There are 2 protein chains.
Amino acid sequence: MSTQAPATIEDVARLAEVSIATVSRAIHNPEKVAKSTRQRVNQAIAITGYTTNAMARSLRMGRSNMILVLAPDIGDPNFSSILIGLENEARAHGYGVLIGHTQNDPERGLEYLKFLNSNQADGLLLFTGHEPFGHQEMTQRLPPTVAVFEPVFGSRVPYVGVDDTAGARKAAEYLLASGHRSIAFIGDSKTRLGHLRRRKGYDLALDAARIAPAQRLVVDGEGTIESGRLAVEQLFMRDTLPTAFMCVNDATAIGVMNGLAARGYDLPRDFSVIGFDDVPQATYMTPALTTVRQPRSAIGRQAMALLLENLTQPLTEQREVLIMPDLVVRGSVTMPGKR
Amino acid sequence: MSTQAPATIEDVARLAEVSIATVSRAIHNPEKVAKSTRQRVNQAIAITGYTTNAMARSLRMGRSNMILVLAPDIGDPNFSSILIGLENEARAHGYGVLIGHTQNDPERGLEYLKFLNSNQADGLLLFTGHEPFGHQEMTQRLPPTVAVFEPVFGSRVPYVGVDDTAGARKAAEYLLASGHRSIAFIGDSKTRLGHLRRRKGYDLALDAARIAPAQRLVVDGEGTIESGRLAVEQLFMRDTLPTAFMCVNDATAIGVMNGLAARGYDLPRDFSVIGFDDVPQATYMTPALTTVRQPRSAIGRQAMALLLENLTQPLTEQREVLIMPDLVVRGSVTMPGKR
DNA sequence: CGATGCAATGTAAACCTTTACATCATCTGT
DNA sequence: ACAGATGATGTAAAGGTTTACATTGCATCG
């Protein structure tokens, strides 16, 4: 009794004294089967504990009702709350979500491609900022795909994410409104589309405030804590310090704050810092980090909605959905010049 | 050309001028097929771009070569590095890993049970500290299961995790060796097995140091940042302060540090704090948190190894694998009495 | 040379569903 | 009373794979 084979549709049919076809119909098209029969079938299902074998079902139907979400790093603080949005939306449409963890390993990527090729998932959601790997050859065979959180560089994959430009502009405008005129941008990049756009938001705000490009301090960085710390060192070398640091993301901002603290400065008295993303850690910094909040669950929800739409009707012209973020005011920005 | 159906084993067979049986053998038992045939088959596979349809394979074989990992919160900082250990070990044995995100929602748990019942996974790894839900009825039908990181309360599910008692004892001994005699334990619990054990390690160390139980300050807590902050307040109310805080985990320790800082104390001069887990954030606290490091990848690796073993030979007597953690010395512990 | 065994390959069943089509009974309208 | 429609159910094929068993050809041995 402990290890009996799971019940099949045939067991149910026998018990309910109908054919397997009727059982299948009773489950999926209840209105097509007489009420009395339906009851008998349901009873039989309850008795046997039958669950339909997803393998057989997918094989027959040619689809799995599963969406694969590919992420390089599950630990990314942005990931989990976006995932919740994705899952909720998927579930509402009868789809399940599988999470693929690539660890930025191309071999992993390839493994998951096999997964897709063998029909184990009907759609693909990319959290990675790039295609599963070398991106030609097999890419043509990819199922409907949507990029989320980070656009796929140099590709026409539809994208759902935050409005980076508008968000960054909000942040910069807040610094300006607080009285800052010397605002550094930390974390400039040539390759990451989202970061490019944040830079653009910064420029737009400063343009509007008539701050000459020559007066803007811009430091490169890859968006890590370490890069933020490094940027501070660099500015000290150059001996040109702003009154406020606008960081391309929260990780950079944390690095900047650490770097300034290590140099003995008192925040937010001596410098203002603003981030982007609103990672969980932002609340627990001293001072708590003022930042732009990613509308994570909205992003997740809409990305999944777009993907599911593309699934049934695969030629959407919609290429980008940008969601407007809010500024979260905490303690890391003050008026300048109190020093 | 864009949307052609994926190649099946039959396409390969036709092209290689053999039967489908031979193709299957060439893939899975290469030694059973003549060298020349094997070459022809491989060529045909390359040309057609054939990948075996996992659905059909699983259906036929009665197993999926997949392991389901159930976690209530993907965002848990402990989760991602354990996952890497799990994945690596699984992969080495030809298994894939699916991640299930329950969000502590019983309905989700149920959904994943269906997943298991329909043979979409051969084994179950619980990261949750409890069974997929109400834990009777369907539990009997569960595939081989192993709990990881947190034991399943009141159940005989095999468990792989850190040696809480030994780790906590190490921490307490380190405080003692640093000269502390008045050490509070923050985060006592009656229900969480791992936390109970940490408490025990604390007691063992203090027993050995001949510190009377009456002199030990023990404060309840559920292991959150908030609970740590609260515990500090409570101690201030009682007006009995230790020189060192031994916290049941890092989250609690962070709360304690925040609480002390909010009261205006200077750490680590005024108080010493030690944690348990070594979450990523521990490095970025000021002072950096001295703590006990979870041997995460080892835990992941061994948990998966145990599960896969149970898969083929399902009656292991081994019920618990405890892995010894190391102390990570940073800046949050100093000698007492400098105040 | 005939029997025996082995290596290489093929044939066909089985895994469990879904669903187009066939069948049958019953009802409607004339 | 009968043609035809309608509704409920059954039959059987198909989906792609693995594998037990059958077949074939060939070499080995007495």
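Throughout, protein chains are lettered first and strands after them, A, B, ... in sequence-line order, and every chain is numbered starting at 1. Quick caveat, the model's predicted, so the values are computed rather than measured.
For the pair B:Arg40 CZ and C:dG10 P, the interatomic distance rounds to 8 Å; values are reported in whole Å. Going from atom CD1 of B:Ile45 over to atom C1' of D:dT17 covers 13 Å, rounded to whole Å. Across the protein-nucleic acid pair, A:Lys32 atom NZ and D:dT6 atom C1' stand 12 Å apart, rounded to whole Å. The separation between A:Ile27 atom CD1 and C:dT17 atom P is 8 Å, rounded to whole Å. Between the P atom of C:dT9 and the CD atom of B:Glu17 lies a distance of 13 Å, rounded to the nearest Å. Rounded to whole Å, atom P of D:dG16 lies 17 Å from atom CZ of A:Arg57. Counting to the nearest Å, the C1' atom of D:dG7 and the CG atom of A:Asn29 are 14 Å from each other. When rounded to the nearest whole Å, the span between CD1 of B:Ile20 and P of D:dG16 equals 11 Å.
For C:dC15, the OP1/OP2 oxygens have no side-chain nitrogen or oxygen of B:Ser58 closer than 4.0 Å. Note on B:Thr22: a side-chain N or O is less than 4.0 Å away from OP1 or OP2 of C:dG10. Not one side-chain nitrogen or oxygen of B:Ser24 sits closer than 4.0 Å to the OP1 or OP2 atom of D:dT19.
Side chains of A:Ser118 and A:Gln120: a donor on one and an acceptor on the other come within 3.5 Å. No hydrogens or angles considered: nothing links the side chains of B:Thr48 and B:Asp11 as a donor-acceptor pair under 3.5 Å.
For the side-chain contact (heavy atoms from CB on, under 4.5 Å) with A:Ile67, the lone residue among A:Ile99, A:Leu86, A:Val146, A:Leu308 that qualifies is A:Leu308.
Checking C:dT17, C:dG10, D:dT9 against the side-chain heavy atoms of A:Ile9 singles out C:dT17 as nearest. Comparing D:dT11, C:dG10, D:dT9 against the side chain of A:Ala21 picks out D:dT11 as the nearest. Nearest to the side chain of A:Val18, among C:dA8, C:dT11, D:dG10, sits D:dG10. Between C:dT17, D:dT17, C:dT9, one nucleotide has an atom nearer to the side chain of B:Thr37 than all others, and that is C:dT9. Taking every side-chain heavy atom of A:Ser19 into account, D:dT11 is the closest of C:dT11, C:dC16, D:dT11. Checked against C:dC16, C:dA12, C:dT9, the side chain of B:Arg25 finds its nearest nucleotide in C:dT9. Taking every side-chain heavy atom of B:Ala34 into account, C:dT9 is the closest of D:dG16, C:dT9, C:dC16.
In this structure, B:Arg38 and B:Leu59 both approach DNA chain C, and ranking their closest nucleotides by distance from the 5' end singles out B:Arg38. When each of A:Arg63 and A:Asn53 is assigned the nucleotide of DNA chain C bearing its nearest heavy atom, the one mapping closer to the 5' terminus is A:Asn53.
Judged by distance alone, with hydrogens and angles left aside, the side-chain atoms of B:Asn29 form no donor-acceptor pair with the main-chain N or O of B:Glu31 at under 3.5 Å.
With respect to B:Arg192 and B:Asp164, no salt bridge is recorded, no charged nitrogen being found less than 4.0 Å from a carboxylate O.
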